[in-house]
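Only one structure is covered here, and it is reproduced in the block below.
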Amino acid sequence: MHPAYKDGLNFIAAGKKEEGVASLEQAARERPRDAEIKAAMIRHKGESVDGYLDEGNRQREAGNSDAAEAAYRRALAIDGRNTRAIQGLELIAVDRKNASNLAQAEQLLKKGDLLGAERIVRTVRAYDTLNPLARSLQQQIDILRDKEMNPSANPAAKAALAKPVVLEFRDASLKSVFEVLSRSSGLNFVFDKDVKGDTKVTFFVRNSPLEDILRLILTTNQLEKRQLNENSFLIYPNTQAKAKEYQELVVRSFYLANADVKQAQSLVKTVAKSKDVFADEKLNLLIVKDTPDAMRLVERLIDSLDLAEPEVMLEVEVLEVTRSRLNEIGVDWPDSVGYGALQQTITTTTSTAAGILQNVTPGGTLTPGYISLKGGSNLTSFVANPGVTLNLKGMNADTNVLANPRIRVKNREKAKIHIGEKLPVFTTTSTANVGVSASVTYLDVGLKLDVESNVTLDDEVSMKVGLEVSSIVKEVMGPSNSLAYQVGTRSASTVLRLKNGETQVLAGLINDEERKATNHIPGLGEIPLIGRAFGTQRDSSIKTEIILLITPRVLRNIHRPDFGQPALPSGTESAVGAAPMNIRLQGTKALSVAPRSNTGGAAAANRVAPMPVDPGMPVAPPMVDGLQLGGPDEAAAGGEVELSLMAPGQAGALTADVSFDPALLEAVLPAAVAPGRVALRIEGGRGSLRLRALPTARGETRIDVTGAMLESGEPYSGATVSHALKLR
């Protein structure tokens, strides 16, 4: 065993990978034909480099840039030209630059410079689309911009629309209903001239937000609203002509990084029903004009489509192991015995066409014609020289042929590897006018590997593998001296699914040949035992095996964007992207519709109050302090936080409605009754809520208690409380 090879194995066993690989490389340089040393060097070098790369990737994802950089540099110490290690160092530099830029964006955001902060955030997201801090800052910027551009985001308007009311109308005119709403809520309503104010409205509502009631009234009467300022609304018919006059449109440009712009255009037109869509294939740019509600839907559709395709690195090792044995033992007797005259001199007479005879000495030039040999001598017998040959031949050979290619391929694309030769095959063609023409084609001989990979979302790789190993058996002469080859081949094809980093061995492609041949004197050579003295025997065996080792390593995969809801609300056919039409329950009852009066009159009874007023209904005892929500002010991404909700002085049980942002938090205990909503039971004046921050959550958020209900079914006063939480 080579001393450097032995030292290398010992170093690797002791955990000193750099020293071990260096010793194995030294042994491979000193013995370049030793297949065992070369295979061990390649295997241990690859395993060491992959281990450091995996460690670097884990540390980088955890945010430990210094530890990740050290791991990548140790990988480069073993393989100085490793592409993944070099890319890892480049990504660390980008991460550090992005962190500095995002810190600057946070400062600009605190100062109110939305334009400057958004410019920096978009620059960072161009390099790192999934950066959690950049996405959080973008969400904050969008919220602040909506508050500036959308009057409905004003706190005063929000408070008026969120006020729970009790409404009872029976055959009331539409304008009288809005008049009552205006007096009770302080909101202003302006009507388009085509709105029919004498339309009859009948409904009964208890303890529901005014915003939901207003949306329901407008929808059931084919009306639409547009907010003019923080407390004024324009009411107009929901027709196509009026929508063109009053409905606000926005334009946004989407520069796509990965998706095809024509595919994105088809998606927007099909799902979002946007009509004004422009696609620039040169810049991969998509420009959309639509309503703000539809534009929010378009943004999420584009985010779902514009994702980088997965990529996988295929590490392939091919071994061809050949073992051959040859034994040739015996006596090689002459094949023939002759009897005749042995001539000493030879005279050659040549007859030409003219009939002239010429004597040509040996070594002279002969012309075509009749040749005769003359000579004389005594008759004698003769055999080949030497007459008898003793064969004692034995040969053993072991051959290992190793190929270790690595190829990087995109998802659902084919990777082809060919290691071998292209042999020319000549073909001749005879034609009457041209004559004989020759053409050449090339035949691939050697190792051919075809792999088509499909990366799944759970970091597994499904592959179609086709392996073919071919070699030349013999040359074959065809018509007109054309050359062809007889090719021996072994092939295998399969479909398999492997985990990231899992190695699969394909073996068993064995070619086993055994041949026995004898050359002996007839009769004598067939006598048992002593027959070997009158002949020679040749025994040969050749065994060849092909072994394929394939290891997929996922370099990039798709990360599904988390929108916090399993289904994305898309509005209706006529109002794409609009909020769902529902009525939130904030009291004992939701919505009830009264039957039309039989009197046919237009009598209407109306009553509006911030809380239900019914003398015959028991009212919950008021709490002085109301609900109190407390807990930690900060939480780590991926960690859990526990909040306490207390009802001082309340002996009975009650149920509180707690809401949170499902894009940042998820409920642990109790379970969520809907995305971003928990029904928390409070007993003995106290309840506990446990939430978990999502791994990508960053920034600030709030947990809101929007209402509470006693066991008797009565609302609990003072049930609106919030708690701010910072996610880091």
Side-chain angles (χ1 to χ4, degrees), residues 28 32-35 38-39 41-43 46 81 83 311-324 397-431 434-454 463-496 504-513 515 540 542-552:
R33 297 183 180 273
D34 194 323
K38 188 174 182 181
M41 184 268 293
I42 292 175
R43 184 176 67 256
R81 293 182 296 178
T83 305
E311 285 187 286
V312 61
M313 176 76 76
L314 299 178
E315 299 179 358
V316 182
E317 294 186 28
V318 182
L319 293 172
E320 183 177 4
V321 182
T322 304
R323 296 180 178 88
S324 61
D398 292 334
T399 305
N400 293 330
V401 179
L402 173 65
N404 187 24
R406 296 186 180 186
I407 186 169
R408 182 170 178 169
V409 62
K410 290 173 63 176
N411 191 36
R412 300 180 184 274
E413 296 291 340
K414 290 185 178 180
K416 296 185 178 181
I417 300 173
H418 177 213
I419 302 173
E421 299 177 346
K422 286 182 174 290
L423 300 178
V425 179
F426 295 95
T427 305
T428 58
T429 305
S430 300
T431 56
V434 180
V436 179
S437 61
S439 61
V440 60
T441 57
Y442 290 92
L443 176 66
D444 292 334
V445 178
L447 169 68
K448 296 177 68 176
L449 179 66
D450 295 339
V451 182
E452 183 178 356
S453 59
N454 181 16
M463 292 183 293
K464 295 181 180 179
V465 181
L467 173 65
E468 180 180 352
V469 180
S470 57
S471 60
I472 298 176
V473 177
K474 65 178 181 180
E475 295 182 355
V476 180
M477 296 300 297
S480 302
N481 294 326
S482 60
L483 180 63
Y485 299 95
Q486 181 179 345
V487 179
T489 180
R490 281 166 289 169
S491 61
S493 60
T494 183
V495 179
L496 65 158
Q504 178 63 44
V505 179
L506 280 74
L509 296 176
I510 301 175
N511 182 21
D512 195 354
E513 295 182 3
R515 296 184 180 182
S540 64
I542 301 176
K543 185 176 182 180
T544 305
E545 181 179 4
I546 303 296
I547 302 174
L548 171 66
L549 293 86
I550 185 167
T551 305

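- Residues V440 and P424 approach most closely at CG2-CB, 3.8 Å, considering heavy atoms.
- Scanning all heavy atoms of the two residues, the minimum distance from K416 to I407 falls at O-CD1, 4.1 Å.
- When every heavy atom of E421 is checked against every heavy atom of L423, the shortest pair comes out as OE1-CD2, 3.7 Å.
- Between V465 and the options V316, D450, L548, a side chain to side chain contact (heavy atoms under 4.5 Å, CB included) holds for only L548.
- In plain terms, the two heavy atoms of H418 and V445 that are nearest each other are NE2-O, 3.7 Å.
- For the atom pair M313 CE and T83 OG1, the distance stands at 6.5 Å (nearest 0.5 Å).
- At distances below 3.5 Å, at least one donor-acceptor pair connects side-chain atoms of S470 with backbone N or O atoms of G446.
- Here CD1 of I419 is found 5.0 Å from CG of L447. Values are rounded to the nearest 0.5 Å.
- Taking OG1 of T494 as the start and CG of L467 as the end, the distance is 11.5 Å to the nearest 0.5 Å.
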Can you check side-chain contact (heavy atoms from CB on, under 4.5 Å) on E315 and E317, steps first, answer last? CA-CA 7 Å; E315 299 179 358; E317 294 186 28; over 6 Å; no
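- Atoms CG and CE, on N454 and M463 in that order, are 11.0 Å from each other to the nearest 0.5 Å.
- To the nearest 0.5 Å, atoms CD1 (I472) and CD (Q486) are separated by 11.0 Å.
- Checked options R408, R412, K410; the residue passing with E311 is R408 (criterion: salt bridge (Lys or Arg N to Asp or Glu O under 4.0 Å)).
- Counting heavy atoms from C-beta outward, V312 and V409 have side chains that approach closer than 4.5 Å.
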